[in-house]
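Structure record follows, encoded as structure tokens.
Each ligand, and each atom within it, is numbered from 1 in the order the structure gives.
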Amino acid sequence: MSERSSEDRLVGRLLGPAGPELSCEECFEQLDRYVELELAGADADAATPGMRAHLEGCSACAEDHESLRAWLATS
Ligand SMILES: [Zn+2]
């Protein structure tokens, strides 16, 4: 079962949406900057290629993104 899902992920990465998709680790490293740019009204997607695609495909990182954004927006 785990073999199957890692194979699906690999295929998804090869055939997935245009642009490089980040790994969770890369996503995590760049999330701070991404959210700061987002909140500043800058083009966060252009500055952090692959981030949007990763957030759309990864619910764990999407959750991190939401909570970081909420936290930064109120502080
Ligand atoms: Zn992720």
Side-chain angles (χ1 to χ4, degrees):
M1 185 135 21
S2 63
E3 241 174 75
R4 173 62 195 274
S5 75
S6 75
E7 194 178 320
D8 284 350
R9 220 171 16 230
L10 184 62
V11 170
R13 194 178 301 165
L14 292 173
L15 301 178
E21 190 178 323
L22 301 177
S23 68
C24 285
E25 203 180 328
E26 290 166 329
C27 174
F28 185 76
E29 281 170 3
Q30 300 187 50
L31 196 57
D32 279 16
R33 192 165 75 101
Y34 183 82
V35 172
E36 276 171 15
L37 289 169
E38 237 182 2
L39 292 175
D43 195 345
D45 292 317
T48 322
M51 178 68 86
R52 173 61 54 190
H54 185 82
L55 292 178
E56 282 172 3
C58 179
S59 58
C61 289
E63 242 174 70
D64 279 357
H65 170 243
E66 286 304 318
S67 52
L68 184 60
R69 189 164 63 177
W71 187 79
L72 286 176
T74 57
S75 63

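Checked by atom type and distance alone, the side chain of S67 pairs as donor or acceptor with a backbone atom of D64 at under 3.5 Å.
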message = Please determine whether side-chain contact (heavy atoms from CB on, under 4.5 Å) holds for the pair C24 and H54, giving the CA-CA distance in whole Å, both sets of side-chain angles, and the decisive distance to 0.1 Å.
response = CA-CA 8 Å; C24 285; H54 185 82; 3.5 Å; yes
query = Going through the distances and angles, do C27 and C58 end up as a side-chain contact (heavy atoms from CB on, under 4.5 Å)?
reply = CA-CA 10 Å; C27 174; C58 179; over 6 Å; no
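If you look at the Zn ion (ligand 1), the protein N, O or S atoms less than 2.8 Å from it are C24 SG, H54 NE2, C58 SG, C61 SG.
By the side-chain contact (heavy atoms from CB on, under 4.5 Å) test, S23 pairs with E25, E26, sequence neighbours left out.
The residues E38 and R33 are annotated as not salt-bridged, no charged nitrogen and carboxylate oxygen being separated by less than 4.0 angstrom.
The residue from R52, R69, H65 that alone fulfils the side chain to side chain donor-acceptor pair (under 3.5 Å) condition with Y34 is R52.
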